[in-house]
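Proteins come first, then strands; the chains are lettered A, B, ... in the order of their sequence lines, and each starts at number 1. Just so you know, these numbers use all the heavy atoms, side chains as well, and skip hydrogens, waters and symmetry mates.
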There are 2 protein chains.
Amino acid sequence: MRREVTLRDVAELAGVSSRTVSNVVNGYANVTDHTRERVQRAVEQLGYRPNVLARNLAQGRSGQIAVVVPYLDTPYFSELLQSVIRAARVRGYNVLIDQTDGDPEHERAFIAHGSRRLLFDGVIFSPLGLDQQALADRDPTLPLVILGERSSDGSFDHIGIDDVAASRQATEHLLDLGRQRIAAIGDQPYATGEAAQRRTRGFREAHAARGLTPREDLIISTPRFNRPDGARAMAHLLDLPEPPDAVFCYSDLVALGAIRTLVSRGLRVPEDVAVIGYDDIEDGRFSNPTVTTISPDKEAIATTAVERLLLRIGSSTPPEGLEVRAPHRLIIRESTAGRATGTI
Amino acid sequence: MRREVTLRDVAELAGVSSRTVSNVVNGYANVTDHTRERVQRAVEQLGYRPNVLARNLAQGRSGQIAVVVPYLDTPYFSELLQSVIRAARVRGYNVLIDQTDGDPEHERAFIAHGSRRLLFDGVIFSPLGLDQQALADRDPTLPLVILGERSSDGSFDHIGIDDVAASRQATEHLLDLGRQRIAAIGDQPYATGEAAQRRTRGFREAHAARGLTPREDLIISTPRFNRPDGARAMAHLLDLPEPPDAVFCYSDLVALGAIRTLVSRGLRVPEDVAVIGYDDIEDGRFSNPTVTTISPDKEAIATTAVERLLLRIGSSTPPEGLEVRAPHRLIIRESTAGRATGTI
DNA sequence: CTACGCTTTTGCAGCGCTGCAAAGCAAAGC
DNA sequence: GCTTTGCTTTGCAGCGCTGCAAAAGCGTAG
């Protein structure tokens with residue numbers, strides 16, 4: 001493998017200093033047209049390509065941001081990632097992806113003073129099992145934006161939708177349909193389940209607002225928010241003496257799993273049991289039935305996350321930690337409204 | 001932001017040369033226990049962390065591999081990526097992910113002599129619209145492993161399942177069920193549609209083996225392999241004077257889209273129309289009905305891809321381009337076998 | 001003709017690490 | 001006692017680039 005062309009090679013051919021070539025390549029001001037042209041000709045002639053590594057080392061930055069998610073194969077995350085990658089690329093950043101498998105140790109390692117540091121200039125982080133302690137122990141110099149769970153302590157930005165409001169809205173939708181026994185699948189009544197708990201809060205609030213109290217045995221907790229969890233939880237609910245006639249699922253995957261169980265037991269959705277999900281992933285738009293859901297504005301979340309992170313990376317005095325509420329809306333589909341609502 | 005601790009700082013504290021510290025940190029042989037201990041103590045005391053950037057620059061490698069896929073939110077790719085990331089991490093490599101949106105220009109740019117080069121030591125590439133020309137024009141020094149489509153010209157490795165055999169198997173399964181009018185959704189009768197064409201070949205071969213000829217109007221081509229494509233194609237098929245009684249879909253997403261259309265028109269799957277997919281994504285295991293599919297061994301594909309790539313990266317004389325056939329199998333679920341087959 | 005202010009160009013040091021080859025050193029051999 | 005051998009340790013150069021500050025060029029004013 002022959003040596004790559006360097007700045008110096010170009011400089012020699014163009015008859016200028018390597019610093020000048022650097023100036024031209026980086027589009028710095030104050031280069032005469034004459035010089036610029038000569039350099040550019042030399043660059044093209046030699047096929048010069050800047051060595052990103054060297055540039056980064058000299059600049060002390062990496063030009064990469066890391067995005068850390070629990071699971072890459074969860075549609076919600078892959079859809080979100082897609083937008084993040086686009087947003088980052090536009091701004092000249094590469095995206096390094098890491099999945100933690102929800103392992104708290106792994107999550108902790110990622111934001112702690114790490115050997116991987118310097119490989120990325122900042123982190124967009126969607127934690128799952130991260131406790132307050134781990135956040136406190138984190139590398140304070142690492143620009144950080146957190147998605148989803150938890151709220152900011154002022155030293156980082158947090159972006160998410162209003163989980164309580166969205167959950168209340170979802171539950172109200174079921175109540176509006178006249179359902180009497182509404183279940184909730186996805187609660188996580190332990191320290192790291194903040195997001196889940198906020199959804200449960202919304203669920204309770206919606207009931208309370210109408211003078212109702214949800215049955216405690218209809219609030220099912222699940223370790224994750226995936227299809228098998230949903231399927232299992234639904235099976236459990238159906239085995240109750242008085243099973244629910246509607247279910248609020250804390251993710252679309254849970255909803256899809258639940259629907260699967262319902263259908264395979266010969267029940268009709270929504271006639272026998274209405275189901276509502278959360279996340280608005282593509283699957284829910286093509287499933288049978290299609291899934292009513294809370295749709296967070298993923299594009300907004302991704303773009304804002306990248307923007308805030310780059311802002312942090314760029315400024316020496318870190319900006320105030322921001323609490324950003326991304327928009328969301330309720331999308332009504334067949335799993336609550338019935339076939340009438342139609343297709344996509 | 002205070003300066004980071006460097007090798008030199010550690011060296012000074014330990015009273016040795018920085019080179020020795022480097023030797024200890026990298027676990028090189030021939031360091032006396034005594035020295036090693038002193039250095040390690042100093043490392044811990046100062047909280048030293050190697051600067052990956054500098055190391056990479058000095059070594060002329062980046063410690064990163066790029067994985068390039070058309071769409072990140074396609075479950076097949078995100079499931080595959082998940083395995084690739086794990087395999088790479090075990091071997092000390094980070095994964096840089098890029099999506100091309102299937103844009104041929106973008107794909108081309110990625111393997112051409114690129115400015116991004118040096119950011120990664122090699123590429124695992126799953127092309128969509130890449131023609132032979134682009135492959136020929138590629139940076140010959142870039143270690144490359146290609147997934148899915150196309151076959152190797154000897155200068156890179158190619159890993160995929162035997163599409164023709166798998167497709168024949170899928171079609172045979174439908175024929176075995178006694179279906180008379182079998183459609184195929186996903187053909188791509190143009191230069192960049194090699195993979196699709198191989199599936200069509202298997203489809204035809206299965207028919208031919210029984211002295212049958214598929215009806216040409218039942219072979220539908222689609223631009224992509226996603227749900228909307230499948231839904232549209234199925235709608236078209238149902239509008240034919242003599243619609244099919246079985247469909248071979250070139251991806252599970254296409255199958256899910258097709259099923260969606262069938263169900264929304266009040267048809268029963270598989271009684272009225274049997275559907276078989278390809279890829280074995282999780283969605284198909286929880287849909288209604290669950291989807292019979294060709295299941296490629298994704299774990300094997302991912303692991304092999306990473307291994308071959310690192311082999312290429314590691315050796316100065318590039319190994320012979322390998323054509324690897326990963327295993328696959330037919331998984332029969334409800335969309336062809338009916339409810340009897342049960343759950344997951 | 002010198003001085004001054006501005007733009008353009010340059011030289012150098014250094015980012016933090018590793019490759020290389022030489023130097024140091026202790027044990028073994030003659 | 002001196003050389004040889006083999007293991008440890010070291011020094012230096014350099015990966016390719018950019019920050020910094022000084023130097024050079026150049027037009028205008030005094």
Side-chain angles (χ1 to χ4, degrees), chain A residues 1-40 42-43 46-64 92 114-119 121 316, chain B residues 1-40 42-43 46-64 92 114-119 121 316:
Chain A
M1 192 158 97
R2 75 193 180 296
R3 212 174 52 79
E4 291 284 319
V5 181
T6 74
L7 268 191
R8 223 182 309 279
D9 299 328
V10 178
E12 208 161 306
L13 178 62
V16 295
S17 78
S18 66
R19 197 61 185 76
T20 299
V21 178
S22 168
N23 286 337
V24 172
V25 170
N26 292 289
Y28 290 159
N30 301 344
V31 182
T32 50
D33 291 350
H34 173 243
T35 322
R36 186 190 317 281
E37 257 171 50
R38 292 181 44 134
V39 171
Q40 273 164 351
V43 163
L46 296 175
Y48 168 75
R49 303 256 146 223
N51 179 324
V52 198
L53 246 48
R55 173 181 296 169
N56 291 345
L57 177 61
Q59 291 188 148
R61 39 150 268 169
S62 72
Q64 299 187 142
S115 64
R116 302 262 247 335
R117 187 77 165 84
L118 283 178
L119 258 185
D121 301 329
S316 44
Chain B
M1 191 158 102
R2 73 190 180 299
R3 212 175 51 79
E4 291 285 319
V5 181
T6 75
L7 268 191
R8 220 181 312 278
D9 299 329
V10 178
E12 208 160 307
L13 179 63
V16 295
S17 78
S18 67
R19 196 62 184 78
T20 299
V21 178
S22 168
N23 285 337
V24 172
V25 170
N26 292 288
Y28 289 158
N30 301 344
V31 181
T32 49
D33 290 350
H34 173 243
T35 324
R36 185 191 318 281
E37 256 171 52
R38 290 181 47 134
V39 171
Q40 272 164 351
V43 163
L46 296 175
Y48 168 74
R49 303 257 146 221
N51 179 324
V52 198
L53 244 49
R55 173 182 295 169
N56 291 346
L57 177 62
Q59 290 187 149
R61 41 151 267 169
S62 72
Q64 299 187 144
S115 64
R116 302 262 249 337
R117 186 79 166 84
L118 282 179
L119 258 185
D121 301 330
S316 44

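In this structure, the CG atom of B/L57 is 10 Å from the C1' atom of C/dT18, given to the nearest Å. As a whole-Å value, the separation of B/L7 CG from D/dG14 P is 20 Å. Per the geometry, CG belonging to A/N30 stands 13 Å off C1' belonging to D/dG25, to the nearest Å. Taking atom CG of B/D33 as the reference point, atom C1' of D/dT9 lies 15 Å away to the nearest angstrom. B/R8 places its CZ atom 12 Å from the P atom of D/dC12, with the value rounded to the nearest Å.
Residue contacts shown for B/N56 are absent, as no nucleic acid heavy atom lies under 4.0 Å away. Across all strands shown, B/R55 has heavy atoms under 4.0 Å from sugar-phosphate atoms exclusively, and none from any base. The residue A/T20 sits close to a base: some heavy atom pair falls under 4.0 Å. Heavy atoms of B/S18 sit nowhere under 4.0 angstrom from any nucleic acid atom.
Of all nucleotides listed (C/dG19, D/dC17, C/dC17), C/dC17 comes nearest to the side chain of B/Y48. Here C/dG16 is the nucleotide among D/dC17, D/dT9, C/dG16 with the atom lying nearest to any side-chain atom of B/N51. In the set D/dC17, D/dT18, D/dC15, the nucleotide with an atom closest to the side chain of A/P50 is D/dC17. Comparing D/dG19, C/dG19, D/dG16 by their closest approach to the side chain of B/R19 singles out C/dG19. For A/T32, counting side-chain heavy atoms from C-beta on, the closest listed nucleotide (D/dT18, C/dT8, D/dC15) is C/dT8.
Along DNA chain D, the nucleotide closest to B/S17 and the one closest to A/S22 are compared, and the more 5′ of them pairs with B/S17. Residues A/A54 and B/V16 both approach DNA chain D. Their nearest nucleotides, taken by heavy-atom distance, put B/V16 toward the 5′ side.
In terms of phosphate contacts, A/T6 brings no side-chain nitrogen or oxygen within less than 4.0 Å of OP1 or OP2 of D/dC15.
With a 3.5 Å ceiling on both atom-pair distances, the Watson-Crick or G-U wobble partner of D/dT9 is C/dA22.
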